[in-house]
Amino acid sequence: MEQLKTIGRELAMGSQGGFGQSKEFLDLVKSIGEARSKAEEDRIVLSEIDILKRKLLEPDIPKRKMKEYIIRLVYIEMLGHDASFGYIHAVKMTHDDNLLLKRTGYLAVTLFLNEDHDLIILIVNTIQKDLRSDNYLVVCAALNAICRLINEETIPAVLPQVVDLLNHQKEAVRKKAIMALHRFHRKSPSSVSHLISNFRKRLCDNDPGVMGATLCPLFDLITEDVSSYKDLVSSFVSILKQVTERRLPKSYDYHQMPAPFIQIKLLKIMALLGCGDKSASEIMYMVLGDLFRKCDSSTNIGNAILYECIRCISCIIPSPKLLEAAADAISKFLKSDSHNLKYMGIDGLGRLIKISPDIAEQHQLAVIDCLEDPDDTLKRKTFELLYKMTKSSNVEVIVDRMTDYMISINDNHYKTEIASRCVELAEQFAPSNQWFIQIMNKVFEHAGDLVNIKVAHNLMRLIAEGFGEDDDDADSKLRLSAVESYLQIMSEPKLPSLFLQVISWVLGEYGTADGKYSASYISGKLCDVADAYSSDETVKGYAVSALMKIYAFEIAFGRKVDVLPECQSLIEELLASHSTDLQQRAYELQALLALDARAVESILPLDASCEDIEVDKDLSFLNGYIQQAIESGAQPYISERERSCMLETTDYHSRDHHEVPSHALRFEAYERPKPSSLPTQASTELVPVPEPSYYSEAHQPISTSSVSERESSEIKLRLDGVKQKWGRPSYQSSTSASSTPPQAANGTSSHPDVGVGSSSLKPRSSYESKKPEIDPEKQRLAASLFGGSSSSRSDRKSSSGGHKPAKGTASKPPKENPIPVQPPPDLLDFGEPTATSVTATDPFKELEGLMDSSSQDGGSTDVMGVLYSDAAPVTTTTSVDSLLSELSDSSKGNPDTYQSQTSKGPNSKEALEKDALVRQMGVNPTSQNPTLFKDLLG
Amino acid sequence: MIKAVMMMNTQGKPRLAKFYDFFTVEKQQELIRGVFSVLCSRPENISNFLEIDSLFGPDSWLVYKHYATLYFVLVFDGSENELAMLDLIQVLVETLDKCFSNVCELDIVFNYSKMHTVLDEIVFGGQVLETSSTEVMKAVEDISKLEAASNAVSLVPKSVSRWRGR
């Protein structure tokens, strides 16, 4: 029975294939549908390619057959196989006079070729002819093709015809001509720059469809240059007004909404025009207000328009009334059950929060719900919102959440983004340096390979410079906490390279600084690192330099240095390393171990990583040596300036030739590099070269890496007159691992990081136990994010004392706070929220109140949800139904072959059967078709 | 601007793919596979939007809808409205529904060139051209009629003569 149905179905399809596919094509599609593996599918397609190759070579192929071959080629290419052997046939088909064939040809070439393909030249002529055709369908087909096939060079060939078509009597043609011009504008703005007035003219076209199409190019044009379209503001507003007043023909309605896509485009254009323009914005107030009132928020498209209004309002200079309306719309979105609308609500919130920061407060619980939502898209959008509303008062909670999320995801692309956002926020708002280091550790540990190398240097700089104030005690505490955290993290199995570099550097500088850890302990750890990551030369380089520093400090203190056996073997291994950089470092270390304390101290002085390095630019200490050399007959040195004077003539020569078109060959020498302008750029980059050249090391016995940018510009090598051998890179003045010792810090060894995380960790750790109701934990989180209820506020106050305000960033102290130690988590700087002041004494009552209000919210949400789900997905359900039940209906077209199933409305059994049928037809590869014909024939 | 329109079934087989910027065949496959692997990992009843920067470059958004055995996918840039794009999928499906009177995956598979005709009437060079399914249907029917007519003129006689020749 099943098989019978399938066959009936197949025959129905075969005869119904109005666009004329043959049995072979259907068989191909079917066998591919049945393929159980990619390999099987590939095999089928490859044999099909062979067949087609053969058939296309046959002489005198009937046109109809040819058309089918082309369709098969297109199909093959969609499956990812190369069909280029048949391109030329598709091109030929565009020349045919028969409309069906011509359209097939155009379809195939638009899918096959890109605008720079060699075969395009064969089509341009046909397109020109077709654009002049009397048959508007031919013209449309040609217009369709030029959108894809015409490049900058061929635009002039078709441009006059397209412009003529702007006045074609058929509106469909006018519409497409506008779109084609728009496409030209996107490809090469200069080619149509003289035609821009045409777009303005077409805005007044009688046909609303053409007017609507004109909005697309105008949107692009206005994006590029707002000022020259200000005169159109009132026109756009009046068009929008007319559209909303249903002045357009009924045929433009979509789901009872008048021309929604035109409305949306208009709103987008108005947003551009009203941006920062008070008078233009004022013209729009009326119509926007009307839209908010009229818009039907029960349909998807109505919400699309509402959302576009919100976007528009966030761009223009809004009136308070409009802001209120937008806020209302957003709260409706957020309360909706639909994830799509929630997403829109969060997005709208993110847009409006810049204008009226208080808007987020009433939606705090909704936002937190979205943060916990299983929907990843929504979550990301919410993180984007949080990112936008981060301030010094809530940075800890937000960044904490962000890092947790970052750790939990696998998508590297997004991980990178969120890691860089964490870093950015932490750098901008960090309440304390310990916290900053903690966050950085987390980021590095989990996304170390993804963050920018600059971040690592910033971190090293922060540890080296400390608070930037004269607070040595705090500095050494900070360093100790960093060292301790690193020693702990180092035992983790697989750490990112960048993080290891930071760890090695910090251990080298400050590992032994306060005497808590012995030199042999630290150096042992460093050897372990070099051992464990032996394939990573940069890490090894850092580790060796760190070892060198540790031993240098030991020697400088006059202690006896015991080089650990594993360290000794490491040095020996590196002495023979393939990497010249590592070799050099190993030799340096070996040489250093043999020196006496005084020499070592001047090579690697104490805590000099932040010191300016004085460079004797004139190399005056060599004067005696030069003198000697000259006396013994050497040539005196000619400075660069003098040399360039000598070369002046050739320079002239080359300058003359600058007029020569750039693609012509030039035979004179390259211009001389101008070193004076280069080094600033190169040296402000704190990025150390992975394998620093000997050049810079040799000339700079004491190098720095962790100096701030302003300093580093002073330490660049003076290269005037030095012969430049290797071009730019040799200016790089800093070597990767700086070789400067730390201060002998004797700070107290308290644990500064104990209290740091507690405030931010609290809401999170207990969050896991949340109930569906709004529980106190959620509230607490809300409070820490938004500055909500008071219970959590006092909670935080007690737990998070002792933070220093962020380094120089704006952390406004709260207006009313008796304890000035820590800014309360009032995100929005809004003073005390009203609810707090009333119920501050009894947390339970307060909870109740919140539950009440939330249940009310829930009620309204339901109403919204019902409304929405009633109206919007009506079509959805029908189409799903129809997809299932279509089998029965299609039988109507072919009753003889498919009598077995007369449909009387869908029931579940039938639907199941049909589903099985669809599977058997080979659409799903789960089918068991081989027995199909056997049963029927046998 | 709309960057791509795709239809694929729940097994990840592409049923229709149209890119409004040129991509090589390999890249197209990569994108289709990438999109599918993202889609099939998403649970039911969550939002229909996705940020798809990782596949289509910065400022890329994706809207999809799941009908029976098919995913309808639109990829576009920031100059479009996400909810409106969702409705554009609706327009496309409604039109196909009218076109094939209750569309199913098989219709889409077997009427490959007609699918493209319908799509070309709705999206033109990456811009939304027409959103009324009746209008689209009218245009498609015009084309079919004319094609049938031109078929009758140039193709039928040949086949008839071949018949006679036998």
Side-chain angles (χ1 to χ4, degrees), chain A residues 13 17 19 21 26 29 63-64 71 75 77-80 82 98-100 104 107 114-115 137 144 147 172 175-176 179 182-183 213 216 219 251-252 254 261 264 300-301 303-304 307-308 339-340 343-344 374-375 377-378 380 411 413 875 879-880 882-886 889 918 921 923-925, chain B residues 9 11 13-14 17-18 22 25-26 28-29 43 45-51 53-54 67-69 79 81-84 86-87 90 93-94 97 101-106 109-114 116 120 124-125 127-132 134-135 139 142-144 146-147 150-151 154-155 158:
Chain A
M13 284 306 304
F19 276 58
Q21 277 93 7
L26 299 184
V29 172
K63 284 179 175 174
R64 179 172 223 144
I71 295 287
Y75 189 74
E77 194 154 290
M78 187 185 71
L79 293 173
D82 179 42
N98 181 301
L99 178 66
L100 178 61
T104 308
L107 170 66
N114 71 337
E115 52 187 34
L137 289 174
N144 219 338
C147 279
K175 222 162 35 171
K176 288 184 179 170
M179 297 281 207
H182 179 205
R183 192 77 180 169
C216 301
F219 175 74
S251 63
Y252 287 92
Y254 172 80
F261 282 80
I264 288 168
N300 188 44
I301 195 71
N303 286 319
Y307 167 65
E308 204 56 57
H339 277 83
N340 287 346
Y343 173 89
M344 289 305 171
D375 185 349
T377 314
L378 194 55
R380 287 180 192 187
D411 173 5
H413 181 81
T875 41
S879 7
V880 173
S882 61
L883 276 170
L884 283 170
S885 68
E886 69 73 45
D889 286 76
V918 171
M921 266 311 290
V923 176
N924 294 330
Chain B
N9 73 3
Q11 260 83 40
K13 282 199 202 303
K18 188 148 183 148
F22 182 80
V25 181
E26 296 79 38
Q28 288 185 13
Q29 287 306 305
N45 300 325
I46 58 172
S47 67
N48 301 77
F49 311 128
L50 271 173
E51 223 173 310
D53 299 17
S54 49
Y67 288 107
T69 54
S79 69
N81 180 311
E82 287 98 328
L83 281 172
L86 197 59
D87 263 86
Q90 187 68 41
V93 174
E94 273 175 32
D97 217 37
S101 58
N102 287 334
V103 67
C104 75
E105 190 178 342
L106 289 176
V109 177
F110 288 118
N111 294 284
Y112 193 67
S113 55
K114 192 165 187 177
H116 277 285
D120 285 347
F124 185 91
Q127 301 289 339
V128 180
L129 179 73
E130 179 61 67
T131 53
S132 152
T134 14
E135 293 293 316
D142 276 1
I143 292 168
S144 319
L146 247 145
E147 284 185 345
S150 64
N151 245 356
S154 66
L155 292 175
K158 256 185 214 161

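The sequence lines fix the lettering, A, B, ..., with proteins before strands; numbering per chain opens at 1. We use all heavy atoms of the structure for the numbers below, so side chains are in, but hydrogens, waters and symmetry mates are not. This structure is a prediction, so every number in the text was calculated from the model and none was measured.
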(request) Give, for atom CZ of B:F124 and atom SG of A:C216, the distance between the pair rounded to the nearest 0.5 Å. (result) 11.5 Å

(request) Quick one: which of B:S47, B:S132, B:P43, B:A17 has the most heavy-atom pairs under 4.5 Å with chain A, could you say? (result) B:S47

(request) To the nearest 0.5 angstrom, please state how far the NZ atom of A:K176 sits from the CG atom of B:L129. (result) 6.0 Å

(message) Is B:N45 close to chain A through its backbone or its side chain, or both, or neither, when contacts mean heavy atoms under 4.5 Å?
(response) backbone

(message) Do A:N300 and B:Q90 have side chains that approach each other closer than 4.5 Å (heavy atoms only, starting at C-beta)?
(response) no

(request) Report the option among B:D53, B:N48, B:V25, B:N81 that has the most heavy-atom pairs separated by less than 4.5 Å from atoms of chain A. (result) B:N81

(request) Sort B:T131 into side chain, backbone, both or neither according to what part of it lies under 4.5 angstrom from a heavy atom of chain A. (result) both

(message) Can you tell me how far apart CG (B:L83) and OH (A:Y343) are? Round to the nearest 0.5 Å.
(response) 9.5 Å

(request) Check whether any side-chain N or O of A:T377 sits under 3.5 Å from a backbone N or O of B:F49 as a donor-acceptor pair, and report yes or no. (result) yes

(request) Indicate the ring-plane relationship of B:Y112 and A:Y75, choosing parallel, tilted or perpendicular according to the 30° and 60° boundaries. (result) perpendicular

(request) With a 4.5 Å cut-off on heavy-atom pairs, point out which of A:L79, A:L99, A:N114, A:T104 contacts chain B the most. (result) A:N114

(message) Less than 4.5 Å to any heavy atom of chain B: does that hold for the side chain of A:L107, its backbone, both, or neither?
(response) side chain

(message) Counting heavy-atom pairs closer than 4.5 Å to chain B, which one of A:H413, A:H182, A:R183 comes out on top?
(response) A:H413

(message) For B:E135, which atoms come within 4.5 Å of any heavy atom of chain A: side chain, backbone, both, or neither?
(response) side chain

(request) Select one option (side chain, backbone, both, neither) describing which atoms of B:P14 are under 4.5 Å from chain A's heavy atoms. (result) both

(request) Looking only at non-hydrogen atoms, find the nearest pair between B:S79 and A:F219 and report the distance. (result) CB-CE2, 3.6 Å

(message) Does any backbone or side-chain atom of A:I264 lie under 4.5 Å from a heavy atom of chain B? Answer side chain, backbone, both or neither.
(response) side chain

(message) Does any backbone or side-chain atom of A:Y252 lie under 4.5 Å from a heavy atom of chain B? Answer side chain, backbone, both or neither.
(response) neither

(request) Using a cut-off of under 4.5 Å on heavy-atom pairs, state which of A:M344, A:E115, A:E77 scores highest against chain B. (result) A:M344

(message) Please rank B:G125, B:A139, B:S54 by heavy-atom pairs under 4.5 Å with chain A and give me the top one.
(response) B:S54

(request) Return yes if some donor-acceptor pair links the side-chain N/O of B:N9 with the main-chain N/O of B:K13 below 3.5 Å, else return no. (result) yes

(request) Report the C-alpha separation of A:D375 and A:R380 in whole Å, then their side-chain angles, then the decisive distance to 0.1 Å, and conclude whether the salt bridge (charged side-chain N to carboxylate O under 4.0 Å, His left out) test is met. (result) CA-CA 9 Å; A:D375 185 349; A:R380 287 180 192 187; over 6 Å; no

(message) Below 4.5 Å, heavy-atom pairs only: which of B:D142, B:D87, B:L50, B:V128 has the largest tally toward chain A?
(response) B:D87

